[in-house]
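Take a look at the structure set out below.
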Amino acid sequence: MSSTFDQSVFLQQLNTQWLGHSVRYFEELESTNTYLKKLAPEKIEHGLFCLTDYQTRGRGQYERRWETEKGRNLTFSIVLTPADTGRFHVLTLACALAIVEKLNDFLSASCAAIKWPNDIILNDKKTAGILTETVFSGNTFDRLIIGIGLNINQQKFSDELEDIATSVSLEKGETINREKFLADLLNRIEYKYTLWEQQQASLIKAINRNIIGYGQWIGLKIDDEIQDELYKLLGIDENGALLMLNRDGGIDSFSYEQIQLVTN
Ligand code: BTN
């Protein structure tokens with residue numbers, strides 16, 4: 001069932017200190033990330049939130065498109081202006097963890113996981129993706145934008161996506177209240193942000209436990225070249241670099257731009 005997002009239901013359920021109190025809602029928009037990127041600096045505040053029921057030019061990672069059905073899913077972006085301008089990849093993964101935990105609780109099963117670097121997999125199919133972008137004014141960091149696309153009530157996917165994409169509704173077998181789902185998710189994201197700010201080691205451990213392939217020997221592509229040897233995935237470090245044990249017993253550290261994991 002397609003419907004217009006009900007902001008009053010959403011705000012009633014929202015229990016955050018600062019995240020999502022300022023909402024920019026549009027029935028239709030080019031892209032929530034693009035909108036927040038273009039917004040004038042004086043209009044920006046930490047926790048500003050933009051949501052739309054339909055993106056005409058939704059963007060994914062690696063310049064791919066992000067397309068979802070109108071009024072059935074969640075497509076939104078959050079503006080953050082942290083004092084610490086590093087470790088952003090950990091923050092993206094902290095949001096991924098919030099989504100995974102929300103899905104596991106909602107579906108009462110351990111069915112969701114993070115596909116590194118920023119996809120969320122539900123029962124072996126993709127249900128959400130995150131696109132994190134930064135805005136600089138000259139050399140000065142201005143804002144971080146975390147854009148999330150989450151398949152909630154979509155029932156059918158294109159032939160190309162059918163075998164690799166799913167929605168929460170398809171897995172649960174019922175229509176989901178998007179407003180309540182989102183409000184609870186933002187509560188969780190705000191909490192994860194606090195853990196990130198405090199550089200809590202427990203956050204890194206929880207992220208690692210939820211990354212597909214953690215502790216396993218897996219294939220790796222480095223700078224687009226498939227490696228002959230397997231590497232053991234040791235998880236991310238406190239800066240978000242991925243640590244891999246090689247066959248010689250050494251630990252290699254990779255930035256997320258450098259490598260792709262081959263987990264199946
Ligand atoms: C990916 O899996 O490639 C990331 C997808 C991110 C999609 C979201 S939807 C809301 C926000 N606005 C965009 O244009 N993209 C992100």
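One-based numbering along the sequence shown. Just follow the structure's listing: the first ligand is 1, and inside any ligand the first atom is 1.
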### Query
Can R247 be said to sit on top of W217's aromatic six-ring, NZ or CZ under 6.0 Å from centre and within 45° of the ring axis?
yes
### Message
Please output the residues near ligand 1 using a strict heavy-atom distance under 4.0 Å, listed in chain and residue-number order.
### Response
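Residue list for ligand 1: S31, T32, N33, Q55, G58, R59, G60, Q61, W66, T75, F76, S77, D119, K126, G129, I130, L131, G147, I148, G149.
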### Qualifying residues under side-chain contact (heavy atoms from CB on, under 4.5 Å), relative to K38, sequence neighbours excluded
E30, T34
### Message
Which residues pass the side-chain contact (heavy atoms from CB on, under 4.5 Å) test with Q258, not counting sequence neighbours?
### Response
D223, F254, S255
Can you list, pair by pair, the side-chain donor-acceptor contacts under 3.5 Å of residues 231-244, counting residues two or more places apart and other chains?
from : atom 1 : to   : atom 2 : distance (Å)
D237 : OD1    : N239 : N      : 2.9
D237 : OD1    : G240 : N      : 3.0
D237 : OD1    : A241 : N      : 3.0

### Side-chain donor-acceptor pair present, T132, T92, cut-off under 3.5 Å
yes
#### Entry: Between F141 and F88, ring centroids under 6.0 Å
yes
